[in-house]
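Counting starts at 1 for both ligands and their atoms, in listed order.
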Amino acid sequence: MPFGLLKPLVDRAGRYSWIWPSTFLRQAVPRSRCISVLTVLRFMAGYWSRRRPRFLAGAAISFGATCFDLALPWASATLVDAIASERDQNTVWSAWLMFVLMFVGFTLTRNVAHRIWIPVAARNMEELTNEAFDRVQRFPAAWYSTAFTGGSVRQIGRAMWGYDDVTDALTVHVGPAIVVLVGLSGMLLMRSPLAGGVAILSVVLFTIVNLVVTARYVRPANLISTDLDSIVSGKIADAITANASVKSFAAERRELARLEEDTARWRESIERTWSRFVDLGLLQNLILLLMQAGVTGLMVRAWINGSATPGDVTFAMTAFILMSGYLRNLGDSVRGLQKGIDDAADAANFASERTETPGSHPGLMVRRGKVQFDHVCFAYGDDRDPILSGFDLIIEPGTTVAITGESGSGKSTLIRLLHRLYEPQQGRILIDGQDIAGVSLASLRSAIAIAPQEPVLFHRTIRENIAYGRPDASLDEVQRVARLACAEALIDRLPGGYDCLVGERGTTLSGGERQRVALARALLVDAPILVLDEATSALDRDTEEKILRNLANRSTGATTLVIAHRPAPIAAAGRVVRVIQGRALEA
Ligand SMILES: Nc1ncnc2c1ncn2[C@@H]1O[C@H](COP(=O)(O)OP(=O)(O)OP(=O)(O)O)[C@@H](O)[C@H]1O
């Protein structure tokens with residue numbers, strides 16, 4: 001395997017990398033990209049084996065096509081020899097027919113192979129995209145707190161085409177090229193040991209130069225360009241998502257200037273990458289020149305000496321044309337393979353990255369809805385100050401507790417821990433006596449409904465947004481919770497009412513309107529534990545009080561945690577707890 005030529009490095013996760021110590025490379029390759037080629041190929045092979053019989057049938061037929069190609073120089077030599085030795089017409093025409101049939105055979109078999117592969121490739125690319133998306137959605141909240149949305153979207157898209165590049169390179173180009181190059185070199189060797197020797201030497205030299213230069217000179221530059229490409233996409237997505245802030249500070253020029261810094265780095269990097277590709281092309285052509293001059297020159301010399309026929313010369317010329325085509329393709333294919341591997345590396349990384357739900361756990365059984373924080377200690381990272389240090393709180397079933405405290409004291413963090421978006425470093429959180437660390441995430445999260453301060457809505461209809469937790473809910477049920485959340489009048493005013501699309505992240509609604517839609521969404525699931533995380537903070541006082549009255553009259557028996565700064569929701573709760581210096585203090 002060509003990649004065996006390269007000295008492996010071991011990255012932090014103990015994986016091998018085939019990037020050489022940077023003798024050629026003067027820039028550091030991003031750490032996240034230190035994934036071994038073998039790991040990426042193994043990831044790809046997982047998809048190839050899903051439709052093994054079809055895949056292998058395509059490979060076998062493609063091999064047949066290659067054999068027809070391999071026989072073409074022989075057929076052309078036979079034809080020229082038949083003409084040169086002035087054989088009878090029938091022999092000449094049979095040789096001509098053989099020559100034509102070789103190409104017909106090649107065209108037909110290659111075509112059939114492609115038709116067999118098309119559905120395999122399309123299905124595998126579909127599954128790869130779906131699975132990468134599915135994994136990314138299940139990454140822990142900590143991953144999302146540092147990931148760039150746009151960059152991740154691009155990584156998934158690139159991985160899909162990376163699969164296509166790698167599969168094409170290996171099955172349609174590299175494999176057949178090896179067969180033709182080895183086969184034709186052997187056939188040349190039999191006709192003229194010297195010409196065969198030059199052909200073999202050229203092929204070996206071409207392959208080694210190609211692999212080493214690609215790996216040590218081209219790939220490192222390409223990895224950096226690929227990474228910068230993700231960064232540019234991520235920055236564009238970031239600025240477009242936060243466009244309202246950009247507009248409010250008239251900061252369009254500043255954002256453009258920020259992007260220009262990254263696109264300039266990308267331009268420098270891609271210029272370097274492309275130049276290296278062109279350097280590689282030049283080297284390849286020099287080796288091909290050596291092969292052309294050597295193989296055909298030696299055959300012409302042999303014909304002058306009388307040891308070769310015109311057919312042998314024709315064989316050498318046809319073989320050179322075929323071999324140089326395959327070698328050039330091999331160069332492109334190795335580059336395509338390289339690029340495909342780099343593009344698919346992110347998806348392979350995703351596949352090995354930890355998701356939120358490793359292992360299977362029993363479901364949470366909520367009988368009454370008692371919530372207990374038992375000496376919980378938590379910091380967002382080893383290098384961060386602790387947010388909670390020995391936090392104890394018991395919330396009795398069916399009661400409503402207001403949680404207050406200074407901004408940044410850790411109130412929302414409590415809810416993130418309750419939802420297991422993060423895990424406490426010490427202590428436990430219990431629901432009805434069950435440690436939530438030992439129950440399935442789906443059962444835990446469906447037992448807790450959260451109405452957040454800054455809800456994110458989907459670019460779907462109002463009805464779909466409210467019914468997100470219960471897609472089968474009837475319109476009557478949706479309307480009932482919309483009434484409780486004082487959202488009914490605002491929905492009636494919208495064009496199309498419940499069928500109105502709300503824009504990406506709900507941008508066509510005001511902050512208070514989004515909060516009411518999100519509150520209705522939380523109420524619809526009728527969960528035994530309800531969390532209002534400053535869920536009415538953007539509303540006017542009258543509407544907020546009306547909503548609080550509606551919630552108090554709704555006797556569902558849910559245990560309710562209300563995170564609030566404003567007096568109305570605090571006053572409506574039976575009990576008030578302050579978060580001070582990472583601990584709970586009864587107010
Ligand atoms: N993902 C995160 N990574 C690192 N630090 C975080 C993260 N999320 C929150 N923090 C920090 O943790 C602290 C507590 O945040 P939290 O959101 O719990 O505060 P809060 O009490 O709800 O504040 P507010 O009343 O302003 O909403 C803050 O200092 C915040 O900067």
Subject >> Closest protein heavy atom to atom 10 (N) of ligand 1, given as residue, atom name and distance to 0.1 Å >> reply: Y380 CE1, 3.3 Å
Original post:
Given the protein's heavy atoms, is any one of them under 4.0 Å from atom 31 (O) of ligand 1?
Top reply: no
Original post:
Any chance the side chains of S409 and E406 put a donor and an acceptor closer than 3.5 Å?
Top reply: no
Original post:
Which ligand 1 atoms, with their elements, are less than 4.0 angstrom from a heavy-atom of R384?
Top reply: 4 (C), 5 (N)
Original post:
Between F139 and F350, does the ring centre distance come in under 6.0 Å?
Top reply: yes
**OP:** Select one of side chain, backbone, both or neither to describe which atoms of Y422 lie under 4.0 Å from any atom of ligand 1, heavy atoms only.
**Re:** side chain
Original post:
Distance only, no hydrogens: is a donor on one side chain within 3.5 Å (strictly under) of an acceptor on the other, for T226 and R158?
Top reply: no
**OP:** First locate atom CG of D343, then atom CG of D229, and finally report the distance between them rounded to the nearest 0.5 Å.
**Re:** 8.5 Å
Original post:
What closest approach, in Å, do R420 and R445 show between heavy atoms, and which atom pair accounts for it?
Top reply: O-NH2, 3.1 Å
Original post:
Below 3.5 angstrom, do we get any N/O pair linking G405 and ligand 1?
Top reply: no
Subject >> Salt-bridge present (R566, E534; N to O < 4.0 Å) >> reply: no
Subject >> Pair R123 + E126, salt bridge at N-O below 4.0 Å >> reply: yes
Original post:
Counting heavy atoms only, which of D385, T413, I403, L414 is nearest atom 18 (O) of ligand 1?
Top reply: T413
Original post:
Which heavy atom of the protein is the closest neighbour of atom 25 (O) of ligand 1, given with residue, atom name and distance?
Top reply: K411 NZ, 2.8 Å
Original post:
Counting heavy atoms only, which of S537, G408, A379, P386 is nearest atom 19 (O) of ligand 1?
Top reply: G408
Original post:
So which heavy atom in the protein is nearest atom 17 (O) of ligand 1, and how far is it from that ligand atom?
Top reply: R416 NH2, 3.4 Å
**OP:** Identify, by atom number and element, the atoms of ligand 1 in contact range of E406, meaning under 4.0 Å from any of its heavy atoms.
**Re:** 21 (O)
Original post:
Does any N or O atom in I387 lie less than 3.5 angstrom from one in ligand 1, N or O only?
Top reply: no
Subject >> Results of salt bridge (charged side-chain N to carboxylate O under 4.0 Å, His left out) for R416 - residues two or more places apart only >> reply: none
Subject >> Test item: protein heavy atom less than 4.0 Å from atom 14 (C) of ligand 1 >> reply: yes
Original post:
Would a 4.5 Å heavy-atom cut-off, applied to side chains only, mark K247 and E252 as touching?
Top reply: yes
**OP:** Give the numbers and elements of all ligand 1 atoms closer than 4.0 Å to a heavy atom of H565.
**Re:** 25 (O)
Original post:
So which heavy atom in the protein is nearest atom 26 (O) of ligand 1, and how far is it from that ligand atom?
Top reply: S407 OG, 2.6 Å
Subject >> For atom 27 (O) of ligand 1, the protein heavy atom that lies nearest, with its residue and separation >> reply: E534 OE2, 3.4 Å
Original post:
Judging by distance only, is a nitrogen or oxygen of S412 under 3.5 angstrom from one on ligand 1?
Top reply: yes
**OP:** Please step through salt bridge (charged side-chain N to carboxylate O under 4.0 Å, His left out) for the pair R470 and E477, ending with a clear verdict.
**Re:** CA-CA 10 Å; R470 271 187 53 207; E477 290 172 299; 2.8 Å; yes
